[in-house]
J.: 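Dropping a structure here in structure tokens format, bear with me for questions.
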Amino acid sequence: MKTVSNLTKVWLSSPHMGGTEQNYVNDAFDTNWIAPLGPNVNAFEKAIKDELGNAVHVAALSSGTAAIHLGLELLGVGKGDDVICQSFTFSASANPISYLGAEPVFVDSETDTWNISPKLLRKAIESGIKEGKKPKAIIAVHLYGMPYKVAEIRALADEFEIPILEDSAEALGSYFNNNACGTFGDIGVLSFNGNKIITTSGGGALVSKNKNYIERAIFLATQARDDAPHYQHSNIGYNYRMSNVLAGIGRGQMEVLKNRVNARRANHQFYMESLDQFKEIKFLSEPEGYFSNRWLSCILTPSYEIREKLRLALLEVNVESRPLWKPLHLQPIFKTSKQFVDGTSASLFERGLCLPSGSNLLNEELERVVTTIKNVLS
Ligand SMILES: *Cc1c(COP(=O)(O)O)cnc(C)c1O
């Protein structure tokens, strides 16, 4: 039996360069565009725009979190406002609510997509209105790349006239009814953090069909400088624009996005087929019209105990796996926040495990994951 020390580490989701990234980075050096603006930023934004279609406008920013922060500000969220947020997500979906002095209202998930439940969302909105505090925005998330119930959530947003901030940080390359994720909200958010489907090492983008939002976002992201020869400010600004050096990485990465989606989907397919004999292990399937980039391949086990057995057995052979996101309404920092929950995300968290999902995994590594899981379950 091999020991951990002579087995290479298998990461959950590691960066995967395509080859042309460094050329664009070199261009930035050769032309001295070492700044949070320049040709790489423009070309990267254009590449994102072309990928998403639907006549969207794009602002490349320093992170997905920065994009959520600016997005909420653009939607008019301020001190004391209530903002509805999917509970089953990464903390960065909700932290910017607090940056603005607003209050999160957490809503649980449904079981078809693991994303925000339309039923509980209606309850949260109606309850807020009844108390004289209509929610200012809805943050819906395409978790692990699986689109949320786009039509149902849009219908509720329209019925109550509440804007949607679409957290598509994990869903670049995912589609619902042939429309790209990132284009469904009043404002959409992408992330290019190191563990995402493509990366600029760190970065994000704000997306909208409304050009005014994007112009305003760029203004606020570059210190909110008024039009004057001296530095004059009538607004509080931020330093949130993407560097031209990092946008060079993004340009190269956009060229291989389709490959990366195919590779991650192939990982998911491999896990599903390899573990088919274990009926107690469940995968999240794509409902009709849904196309997931399968950013992370997740399994649901029958219990917390089995989930932990698998996780620890994988660790033993130097494989990184991770429990599903801990719902935000269960996080110490948010435990006193308003919540509309029914136990769905708590159960997913207890029983679910993310398996190594990178587009650069080797066959030996995928086999190691599957063999280890099989040994535990048999
Ligand atoms: C990664 C992520 C973010 C934050 O993006 P950063 O670029 O890391 O700031 C926000 N929401 C979700 C769901 C994410 O996975």
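We count ligands from 1, going down the list as the structure has it; atoms in each ligand are counted the same way. These values consider heavy atoms only, across backbone and side chains, with no hydrogens, waters or symmetry-generated copies.
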J.: Can you run down the ring-ring contact (aromatic ring centres under 6.0 Å, His included) pairs that involve residues 248-273, sequence neighbours left out, and say none if there aren't any?
T.: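 Passing the test, one end in residues 248-273: H268-F283.
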
J.: Begin with the C-alpha distance, continue with both residues' side-chain angles, and end with the deciding distance and a verdict on ring pair (Phe, Tyr, Trp, His ring centres under 6.0 Å) for F90 and W325.
T.: CA-CA 6 Å; F90 178 44; W325 295 120; 5.0 Å; yes

J.: For ligand 1, would you mind listing the residues that have at least one heavy atom less than 4.0 Å away, ordered by chain and number?
T.: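 Residue list for ligand 1: S63, G64, T65, I68, T89, F90, A92, S93, V141, D167, A169, E170, S191, N193, K196, G203.
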
J.: Give the minimum heavy-atom separation between V150 and F176, together with the two atoms involved.
T.: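 Result for this residue pair: CB-CD2, 3.5 Å.
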
J.: Sequence neighbours left out, what passes ring pair (Phe, Tyr, Trp, His ring centres under 6.0 Å) with F184? Give chain and number order.
T.: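 Ring pair (Phe, Tyr, Trp, His ring centres under 6.0 Å) check on F184 returns nothing, list empty.
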
J.: For S208 and H57, test the side chains for any donor-to-acceptor distance below 3.5 angstrom and give the result as yes or no.
T.: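 S208 vs H57: no donor-acceptor pair found between side chains.
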
J.: Enumerate, atom names and distances included, each donor-acceptor pair closer than 3.5 Å involving a side-chain atom of residues 210-223, sequence neighbours excluded.
T.:
from : atom 1 : to   : atom 2 : distance (Å)
N210 : OD1    : N212 : N      : 2.9
T222 : OG1    : I218 : O      : 2.7
T222 : OG1    : F219 : O      : 3.3

